[in-house]
S.K.: 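The structure's right below; bear with me while I get my questions together.
Within every chain, numbering begins at 1; the chains are lettered A, B, ... in the order of the sequence lines, protein sequences first and strands thereafter. All values below come from the heavy atoms of this structure, side chains included, with hydrogens, waters and symmetry mates left out.
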Amino acid sequence: MRWSKTFIPTMKENPSDAEIPSHQLMLRAGLIRQLMAGAYSYLPLGWRSVRKAEQIVREEMDRAGAIELFLPALQPIDLFEKTGRKEAFGNVLINFHVQRGDRKVHLALGPTHEEVITDLIGRHLNSYRQLPICVYQIQTKFRNEERPRFGVLRTSEFIMKDAYSFGTSLEQLNTVYDQMYKAYCRIFARCGLTYLPVEAESGPIGGDASHEFMVPANNGEDRIVHCEGCGYAANLERAETGRKAPALATSPAAAALQKVATPNATSIEQVSRMLKCKPEQMIKTLIYKADDKPVAVLIRGDHEANEAKIRRALGAKSLGLADEKTIREVTGAPVGFAGPVGIKCSVIADHDVPPIANAITGANEADAHLTGVNVGRDYQLTTTHDLRMALADDACPKCAGKLKLVHGIEVGHVFKLGTKYSVALAAEFLDEKEQRHPMIMGCYGIGVNRIVASLAETSFDDNGLIWPLSVAPYEVLVIPLNVTEPDTMQLAERFYKELGEAGVDVLLDDRDARAGFKFKDADLIGVPLRLVIGGKGLKEGLVELKWRTDAAPTKVPIVDAIARVREMLVERRAQDASRVPA
RNA sequence: CGGGGCGUAGCUCAGCCUGGCUAGAGCGCUUGGUUUGGGACCAAGAGGUCGCAGGUUCAAAUCCUGUCGCCCCGACCA
């Protein structure tokens, strides 16, 4: 492509709306433009990268045995009513009525396609002999983001690869899951991303039934816990800690239990300010309802409760914060004054609670707290659990190391669904004994735009983007220094033509602009390999080659240039490929 | 949805507090010339319903009210 014939609106200055690197650079390099909050146009350069990422995804899905198809973005609302997800999605589901003759039809724009695919497969596959099968598509998804943000990272419309597997057994599910997991590793590695597969919260199926693929980045919305020692990685909701249960002995320094007035102080922050104590001196008492039974959960004041851990510790199916009425019944006080001393329900505590000597907690009485609260004497525990969100420097659950807390961008998710959708939509098969069973499903998503945005977010320098060869919009940028010089231009045209014929993605900067201007643009858009023609070098029969990441160019004789470029590309590709797992 | 910020030329912004001639700058754009290896220089231009609506006033980019849009923090995100 010739620069003068395509559309690459680069910008020297950062648009004021853009704050994070990927957003700024994608705008400045002319990859995207915003249409409205949460919706972006992909300009030629940006679209080429998206398509390259998409193609890598496609190749790896095919390699893993998945079958590509294409489902409608328009979906009848009934499907979502059947699975209960109209409710579950709520506002996120974009849905509307359209007029058809004298009727109104209620439609939704697909936020994902579990319903559609389950309906389709359930209708047409009926026998265990036809299973397992894994199908996928690359489609635009629509989710009404309440708050779109971070440029292209969180939008209301995005391209997603979604795959769905259907099988007759857990073994079949596990096999596909494994294949998908491996395919994902290859995909992100091929895209040149630094990625981390992390254990994710997976609902009632439990175990390791869900992994998210994260790109560590400061601006990532997700928080993940990572142990560099053993490689353990999990998202914050899931992350366990290696803390041990402490002794449940009353502190020898236990002071007298005292009630203090704390009018209107209902939060840890308010109480700590009023009593001039640190939050870590306090016990936060949260009243939950676990399968409709109230339970008091004790967490150290400066810690954050993890509901999934609490649910698992209690062995409960459902868990939610209790309503005001329940709290009054259990504590005899309004919300904000709960404490373990004398509470009328069962109590479980996090490991870090009993070691607090002379703790401060609610007095189960309005406008009052207790000080000098000590385990064993004032409240009883038989054991403790890991009930809070992991923190940096917590012990690793898998080794002797310490956990690190990092932010990440979720680029992929693999998930064992089970039979939720196949039951709701009657996707059943007949086994060899003529018994009906719901199919066992898995789903596997990849945010294609997010691959590109994650690269922009993590691979750049002061001058602009730095693309890996595999996802770069063009592989080689040919820059004739002076397009009005016939010798220069003639050679540039020849290189452009020959590289193109050799299957290289080449961009020719044929603009009549000064050298410095073109170099700045070249760095900004980040094309991996730069070939410069003109000036003194040309008179000596030399041209210059430079990787985007090189400090200085190397001079190559004109006659060798094309061969050298091809060689360099081959070497780089091999180098990149060596980082892709088998 | 709660909190905060911002809407003036294609982009970045000044002017607004304290109302007053024809609304400014830099970059970009057009034309001509000089330049030509890291975002050149000179000259001449084009480009603005000051987000929109209403109000106050002799007079509104500026003050008031409403509204729309965008950004950030939080809540939410099978």
S.K.: Given that both distances must come in under 3.5 Å, which nucleotide forms a Watson-Crick or G-U wobble pair with rG74(B)?
M.R.: rC1(B)

S.K.: In whole angstrom, what separates H113(A)'s NE2 from rA78(B)'s C1'?
M.R.: 15 Å

S.K.: When rounded to the nearest Å, what value does the distance between C1' atoms of rA46(B) and rC29(B) take?
M.R.: 8 Å

S.K.: Under a 3.5 Å cut-off for both contacts, is rG32(B) paired Watson-Crick or G-U wobble with anything, and if yes, with which nucleotide?
M.R.: rC42(B)

S.K.: Tell which nucleotide pairs with rC21(B), taking only Watson-Crick or G-U wobble pairs whose two distances are both under 3.5 angstrom.
M.R.: none

S.K.: Using whole Å, report how far CG of L477(A) lies from P of rG38(B).
M.R.: 16 Å

S.K.: I need the CG-C1' distance between N463(A) and rG38(B), as an integer number of Å.
M.R.: 9 Å

S.K.: When rounded to the nearest Å, what value does the distance between P atoms of rA60(B) and rA53(B) take?
M.R.: 14 Å

S.K.: Can D162(A) and Q137(A) be counted as having a side-chain donor-acceptor contact under 3.5 angstrom?
M.R.: yes

S.K.: Taking rA75(B) as the reference, what is the distance to rG28(B) when you measure between their P atoms (whole Å, please)?
M.R.: 43 Å

S.K.: Kindly assign one of parallel, tilted or perpendicular to the pair F89(A) and F80(A), based on the angle between their ring planes and the thresholds 30° and 60°.
M.R.: perpendicular

S.K.: Provide, to the nearest angstrom, the distance between the CD atom belonging to E540(A) and the C1' atom belonging to rG37(B).
M.R.: 13 Å

S.K.: Any strand counts, and the cut-off is 3.5 Å on both contacts for Watson-Crick or G-U wobble. Which nucleotide pairs with rA9(B)?
M.R.: none

S.K.: Answer yes when R273(A) and E269(A) have at least one side-chain N-carboxylate O distance shorter than 4.0 Å, and no when they do not.
M.R.: yes

S.K.: Taking the six-membered ring of F519(A) as reference, does the cationic atom of R530(A) (NZ for Lys, CZ for Arg) lie under 6.0 Å from its centre and within 45° of its axis?
M.R.: yes

S.K.: Between rG15(B) and rG7(B), how far is it from one C1' atom to the other, in whole Å?
M.R.: 15 Å

S.K.: Keeping to residues at least two apart or across chains, list the side chain to side chain donor-acceptor pair (under 3.5 Å) pairs with something in residues 537-558 of chain A.
M.R.: D461(A)-R548(A)

S.K.: How many whole angstroms separate atom CD of E304(A) from atom P of rG74(B)?
M.R.: 12 Å

S.K.: Roughly, in whole Å, what's the span from CG in L27(A) to P in rC11(B)?
M.R.: 11 Å

S.K.: Please evaluate the base of rG4(B) for a donor-acceptor partner in the side chain of R147(A) within a cut-off of under 3.5 Å?
M.R.: no

S.K.: Say we look at rA14(B) and rU57(B): how far apart would their C1' atoms be, to the nearest angstrom?
M.R.: 26 Å

S.K.: Give the nucleotide from the list rG39(B), rA78(B), rC11(B) with an atom nearest to the side chain of K12(A).
M.R.: rG39(B)

S.K.: Heavy atoms under 4.0 Å, any strand shown: does G534(A) hit a base, just sugar-phosphate, or nothing?
M.R.: base

S.K.: For E115(A), answer base if it contacts any base atom (sugar-phosphate contacts may also be present), sugar-phosphate if it contacts only those atoms, and nothing otherwise; contact means non-hydrogen atoms under 4.0 Å.
M.R.: nothing

S.K.: For rG26(B), does the base pair up with any side-chain atom of E13(A) as donor and acceptor (N or O, under 3.5 Å, distance only)?
M.R.: yes

S.K.: Out of K420(A), R85(A), K86(A), K82(A), which residue meets the salt bridge (Lys or Arg N to Asp or Glu O under 4.0 Å) rule with E115(A)?
M.R.: R85(A)

S.K.: Grab the CG-P distance between D509(A) and rG39(B) for me, whole Å please.
M.R.: 15 Å

S.K.: Out of rG38(B), rA75(B), rU12(B), which nucleotide sits closest to the side chain of K546(A)?
M.R.: rG38(B)

S.K.: In terms of relative ring orientation, are H23(A) and Y40(A) parallel, tilted or perpendicular, with 30° and 60° separating the classes?
M.R.: perpendicular

S.K.: Say you pick atom C1' in rA61(B) and the same atom in rG45(B); how far apart are they, in whole Å?
M.R.: 26 Å

S.K.: Looking at F158(A), is R450(A) sitting on its ring face, NZ or CZ under 6.0 Å from the six-membered ring centre and within 45 degrees of the normal?
M.R.: no

S.K.: Taking all heavy atoms of I533(A) and all of A492(A), pick out the closest pair and write down the distance.
M.R.: CD1-CA, 3.5 Å

S.K.: I'd like a table of atom pairs between the protein and nucleotides 68-71 of chain B - only N or O on both sides, under 3.5 Å - with the distance next to each one.
M.R.:
residue : atom : partner : partner atom : Å
rC70(B) : OP1  : A37(A)  : N            : 2.9
rC70(B) : O2'  : D17(A)  : OD1          : 3.3
rC70(B) : O2'  : D17(A)  : OD2          : 2.8
rC71(B) : OP1  : Q34(A)  : NE2          : 2.9

S.K.: Determine the Euclidean distance between corresponding C1' atoms of rU35(B) and rC42(B); express it in Å to zero decimal places.
M.R.: 11 Å

S.K.: Mapping P15(A) and L481(A) to their closest nucleotides on RNA chain B, which lands nearer the 5' end?
M.R.: P15(A)

S.K.: Do T118(A) and Y164(A) get their side chains close enough for a donor-acceptor pair, meaning under 3.5 Å?
M.R.: no

S.K.: What integer distance in Å separates L425(A):CG from rA78(B):P?
M.R.: 19 Å

S.K.: Under 30°, 30 to 60°, or over 60°: which ring-plane class applies to Y184(A) and F213(A), parallel, tilted or perpendicular?
M.R.: tilted

S.K.: At a heavy-atom distance below 4.0 Å, what parts of residues 510-526 of chain A sit against RNA chain B?
M.R.: R514(A), A515(A), G516(A), F517(A), F519(A), K520(A), D521(A), D523(A), L524(A)

S.K.: Provide the Watson-Crick or G-U wobble partner of rU56(B), both distances under 3.5 Å; none if there is no partner.
M.R.: none

